[in-house]
Amino acid sequence: MTSTDNLVKDGDRVMLKKGDNLRVFQVHKGREIFLEKMKFKLDGIIGETYGSLFEVKDGEMVKIVRQIENETSTDDKGIDTEKDNRHLLDQDSNQKLKQEEIEQMKKDGISGAHLIDQLIENSATFQSKTEFSQAKWVKKKKKKHLNQFTVLRPSTRLLCEMHWSKGPSRICNLRIDSLSQMLTMGNIRAGSTVMVVESCLGLVTGAVLERLGGFGKVISFYHGDSPMKCNLDNYDFSKEIMDTLYNYPLELVNSLKHKTELRVNDDVSMETADLTDESKCIKVEQDKDKSDNIVPSVENVIKDSNVVIDTKADVEMESESKNESESKTETRTESDLAEGEGQLKVADRSVEKTDNREGDCEQKTGGKRRGKKWNKRDNKVKKTKERAEAKILRAKEIVDARRIIQEKNVDCLIVATKFHPTPIVLALVDYVNPSRQIVVYSQFKEALEDCYVYLREHKGLVNYRLTETWLREYQVLPNRTHPVIQMSGTGGYVLTATTVVKSPN
Amino acid sequence: MTSTDNLVKDGDRVMLKKGDNLRVFQVHKGREIFLEKMKFKLDGIIGETYGSLFEVKDGEMVKIVRQIENETSTDDKGIDTEKDNRHLLDQDSNQKLKQEEIEQMKKDGISGAHLIDQLIENSATFQSKTEFSQAKWVKKKKKKHLNQFTVLRPSTRLLCEMHWSKGPSRICNLRIDSLSQMLTMGNIRAGSTVMVVESCLGLVTGAVLERLGGFGKVISFYHGDSPMKCNLDNYDFSKEIMDTLYNYPLELVNSLKHKTELRVNDDVSMETADLTDESKCIKVEQDKDKSDNIVPSVENVIKDSNVVIDTKADVEMESESKNESESKTETRTESDLAEGEGQLKVADRSVEKTDNREGDCEQKTGGKRRGKKWNKRDNKVKKTKERAEAKILRAKEIVDARRIIQEKNVDCLIVATKFHPTPIVLALVDYVNPSRQIVVYSQFKEALEDCYVYLREHKGLVNYRLTETWLREYQVLPNRTHPVIQMSGTGGYVLTATTVVKSPN
Amino acid sequence: MSFAKYKSNIENGDTVMLYLGFDNMHTLVIKDGDTFQTRYGALRHSHLIGKQYGSRVYCKKGYLYVLHPTPELWTVNLPHRTQILYSTDISFITMQLDLRPGSIVVESGTGSGSLSHSIIRTIAPTGHLHTFEFHDQRAKVAAEEFDIHGISEYVTVTHRDVCQDGFQLDHIADAVFLDLPKPWEVIDSAKGALKHQGGRICSFSPCIEQVQRTCNTLTSNGFVELKTFECLLRNHDVRTVNLPLPDLGPSDLVLHDGSVTINSSTDNGKQNDITEETDTGTESEKTDKDFIDANCLKTESEEQIVDTSDKSKRKIDSNDLRDSNSDTKRPRFDKLKLQNTRHDFDLIGCKDDKSFFFKTSAPTLQMPGHTGFLTFATLYHSN
Amino acid sequence: MSFAKYKSNIENGDTVMLYLGFDNMHTLVIKDGDTFQTRYGALRHSHLIGKQYGSRVYCKKGYLYVLHPTPELWTVNLPHRTQILYSTDISFITMQLDLRPGSIVVESGTGSGSLSHSIIRTIAPTGHLHTFEFHDQRAKVAAEEFDIHGISEYVTVTHRDVCQDGFQLDHIADAVFLDLPKPWEVIDSAKGALKHQGGRICSFSPCIEQVQRTCNTLTSNGFVELKTFECLLRNHDVRTVNLPLPDLGPSDLVLHDGSVTINSSTDNGKQNDITEETDTGTESEKTDKDFIDANCLKTESEEQIVDTSDKSKRKIDSNDLRDSNSDTKRPRFDKLKLQNTRHDFDLIGCKDDKSFFFKTSAPTLQMPGHTGFLTFATLYHSN
């Protein structure tokens, strides 16, 4: 994401943009992708600058020079032509080339410009059109037939546009302007600790990670089986940024209020360890200083490894040790794993489900993991090991995230889920520092009204606002300037409030 | 309201418009009105054409020639000036004339144009302004100091604008675009029979009457003490139009479903009748053909007169006889009236309250009735008589309205009240013909959601729509074209549906 | 005849509206002996004659309603010969032009007659519409339609290019409506058409450049009180939403033979998806709820209403019954605990242990973003 | 320092926000020894030092909250030297320009620094803002503010008329923001300021004519993917509405010694007015509910919340108790008869015999109608 490093590399996730159509692909030398009814390889973009324009030719991406559109040439022609349109009927049926012929030419690798020429030649009516109509016609045909893609780095803006155009219900109708309000009203910035509860395909988590830029911490709450990592792949975040992400399961949220401490015992020095023999523990200990009521002290022994993380350690330190452990648990087998499972309840569940989820992702991106190839047997062994690693990591992550939350030093809570937000907000709001922002999004105003009423009862907040933004796009063309004909009726609602120190009365 | 008759007459209600400020006044020769901190007479407008422009000079309205604004003269200057404004501070404090001096000049009857000249002369900074700024400054001053009014005929459009600008809550936030949707979606047109339940200061009733133009019938439902007549005065409707109006009390709505018949016994031939002796009856009889359950047959004897109205008679006939009776009950005294009151329950109540309400109106319009002057004693006698007359009329009107409703031949139901609309709509919807429109307005969407749910349960309707309209105004000026800076956030919601023949299943 | 005034029963020659569901309406001129194909099967015209407007009519595979024509139903069902004005703009234009019975109105162009029908409805029986169309065929078809609809006595259709030849009307009109690419070319002529006492004018233009030029010309022709508006329709979709409550787990961790056992939530997979009951019909065409055209009227046949209601009731009932043994582990939002909670909490919807149910009328995802700019102005009498 | 990052306690020299209620906020630079006058009485700065941000602070006549500064609070409280951009537009601009830590941004003009603060917040600690202001004094004051706010290391303020002299930046920026009367004059220079690899640009203009000209210039300079937006804030006012049910009288007329007696309703005069509890505070300034400025943030101090809630509760309670002897005469909308009615009826609000209560979040009557047009475009790397 640094500015000097602006060339497409093998393994990068890139966005291909054609008009308003956006898709993410991972670059793999020699692999074909399928897009807009065409199969082609992305090899041609490797080593080229992000922002370049390519055309698909003979199944390959060929870089082409971007031409300056000269809209001004049609200046003042709009009005004259509109009047003359009265005598025109829809002329598309006057195209002598059949659809199959056009498709065949495309398969034969005709260049887009050449195809357009063919279309003009075979149009019965092109010459009878006014200059303005001709220009309009060519533009329309270009949009349809020119297979030109701009290669872009993924960003929150582009991913939000992509998801929105694919179907806003998948991201809870979260429109880009609403998302932008959330980030601003939440005062999201480098160095912050942000709790995110979302079910918008990772869009909100990714947006927060982007705005933190590797500085700070994001605690992402996941429902049962969907930690956000898979969805975040699209962002192609650097390791520095991904290291600021912690995942925490929603089903352990209520338990947070008993100031217990989960601890992972994990021996850093362990190398070729056997799953069944290692002693890795998650200890849940009551924080006796703060909690007056009696909470059972529990301990969960996970026999994977025995790294003991000092709960007072700095977080940056932690992520380092995490990475070390990642590279050290390589030789475990699947059977080992199975034996270990019976006792690993907290971590296990989420890890298992994560794996499934990652499987889904793989299918989508072509059934292969980035930049690696194994034969099937090796793959199986490695995967087992990875899964075991992931389990430990996840367990540690839960412990880490729990500790961060319980420090009550959170700077922002952002909620944007398919669930009713009130219980989530009420359960988490007290972990947010005073004089900070909470931001609750919902596609239903009623849900936020309810949340608002409960928060008022809960107290400890001021400066409530329940807002909606309208987004109106304009077509700005000579003599044809007006708001666009269709607009989005709703992009969701946002409730914001500022935390304050709870007063005794 | 006819086009040939376009001169202001003594007794007319006129609207005075200055910018967006609109007010209704009744023209009375010699009487002063108070507007914009000035006292002046309207005598000068009598005999002049509607649409003329007048200036207040020495307490009189003096007709002036309307000048063509030449906005185009500032063409292309907008942009240049905006840049130069950076060096300007607010210059109003540089006016050497004090506010009192200005007010005195106004009292002394200075013409607006002359006053502006004075202001320019005494401005320390006028000359240093750009041409564009000067034009803007003069326009602003003119708006403030020129007491120029356009004299207009009242219309729904202008009255809606007037009420809206005075405070939309008084008309349930009914914005002009919402009102316009209601009239159109209700298919309101000449010849229709329309039921109107509103509490928007008569705006909806007036709008419907205007659209019926004297053809058809409007049944206006009033809550307890507020028939719409008083509010309708502003419209200055012709007698032909007012004759299409029937008033019916909301508190007799539930009783409609028992197909009873109220009858007024009223002798047309009576002249100098004594209230206590006359026998005027409202009979409530059970319609035995249709009602299976036992409903008590009731009879209300009103001893005012004894006109018997044949319930089968044509409505136009009725209004004629009504008008006759109006001119025949002239000599009754207040004491007579008092004696009559004990037995007049249905009609009485509403009449009494109507009188109070009319009293309010009188105060507002200056304590005098249009075009008539009496000494106080005469006034009292006449008033008593009038009240008695009104009682009979009201009673008859209720009977008439009841009959019209019970014919179940209504073409539209329009509801726009401060009450929850659901009970009203459910009680009245079955009196509407099949294949007609019902229109329910509310400033609260929730009220319409509720209404919608109940109507669906009630059945007999299709083609539901719950809509809101957005109204966006644009400033169109050379190089300064944009939507206006403030807009209305809500103009209310409209629920419409189409009645169908209720099917047995 | 059918457009001129309401009548109760269908006669031969009437134009009627067949209502099969919200985005499935047809307009039909009754011609004894003809047959019309609907998606519910064939419909013999003769079957409709004599029927009361608003009746339910059965075909083989379903039923429909036969509705009385109105300008609004005509607008959504008319054959498009041009871009047309829809009821939202029409309503506002009618109000702003002060139209009422008796008004004399000038319109150009006639187009597909959408606005014309609405104007005639409002100004009849004592007013008149002079409508101008520069396209010969369109003018003819419009005149025919007015005739079939029984409203030709209220309208004069003229085939003329008014930009070139003007209205040729001598101070007879109360209002002028312009829907032309170059409205400024006819402002002067429009002024001549308006009564000496003055009147109102409206110009509809899709682009702001046209508005700017029109405003200039209006002003220099002595029109005042110029106002330019956009009026946009926002349809709301009433539906019941079932928003799942999240499983935030137990508030205390349970010690279970040495390991932490959390009460794994009962299968939430399905229940955790938002259930939305679109009240306004679930027609078979409506495959993608996300892209319901906001321009369309949404509705349902009565049968569908019943279906939806029953479904919704069943769903809620089953929710009420389902596993309530997990009560202690979840935050309580129990509706029936009304007495113990603030009333405020209960003024939005209903909650049970798993869900927050409420009615909402969410705006449709797509709505009209622009139809055109409506510029209104007044011409006051010239002294 | 206070704008650079969150800190927990107030120190001398900090800029703090005093929150007295929604439309009553002040910004204050803590200076030990000074005193600040609020409407609740005097506040000694020394009293604030060491206090935790977010604390409630008592004055003689009431209390307030002392809040940590944020760019958003600054935007609504800053001293206006020019028209400023508000958070709604700022949010959208930040997103559309792809701003994040590390971004190099060019801004012209600085104006009152409203947007500048927000940009700096987003691009720190590794990015930089180059902001240009043609008004000498404004540039100086802005630079001073950045210094006081502890963010001067992230920003370079230059006093220059960029229309004449350009940005003089050589391909260093990721994004350019223009708020100028003639943005087209600097497009070329902006292109030179953007990195060779390309970047994003935004131009904010109040009038469409500026937008048109800017778009032309952007296109001819090779910028692509031009998009022009308006982004408008709509505030919703959450409140409890008590909509009275109408008295439609008895369904049967009662015979009473020869005359019709209808059950005259108990005094409805007061109860029939709509009761609205504006949840978001009832401040003393707010005399006319109809004209609440939608630009303003609405809120309440905690005390007021309690008051309102209590009032609302009491009102509903008394409604529950009042004359229920007229039950038989009115349509029943009884909430407690839940079992007998459809659930659907109960998913909006509560009904008793007299009223329909519900929560609504009605849009404020006035809302921003226009701030400016935001035109965005991309410049791709030149081969």
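Each chain gets a letter, A, B and so on, in the order its sequence line appears, and its residues count up from 1. No experiment lies behind these values; they were computed from the predicted model shown.
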Asks: Please tell me whether Ser255(A) and Arg402(A) have a donor and an acceptor in their side chains that are separated by less than 3.5 angstrom.
Replies: yes

Asks: Considering only heavy atoms, which portion of Ala427(A) lies under 4.5 Å from any heavy atom of chain C: side chain, backbone, both, or neither?
Replies: side chain

Asks: Under a 4.5 Å cutoff for heavy-atom pairs, which residue among Pro483(A), Ser488(A), Ser442(A) has the most contacts with chain C?
Replies: Pro483(A)

Asks: Are Glu230(C) and Arg472(A) ion-paired here, with the side-chain N under 4.0 Å from a carboxylate O?
Replies: yes

Asks: Heavy-atom pairs under 4.5 Å with chain C: which of Val197(A), Thr481(A), Leu250(A) has the most?
Replies: Thr481(A)

Asks: Using the side-chain hydrogen bond (donor to acceptor under 3.5 Å, both in side chains) criterion, which residues pair with Thr214(C)? Sequence neighbours excluded.
Replies: none

Asks: Go through the structure and list residues passing side-chain hydrogen bond (donor to acceptor under 3.5 Å, both in side chains) with Thr469(A), not counting sequence neighbours.
Replies: Asp177(A)

Asks: Counting only non-hydrogen atoms closer than 4.5 Å, does Leu180(C) touch chain A with its backbone (N, CA, C, O), its side chain (CB onward), both, or neither?
Replies: neither

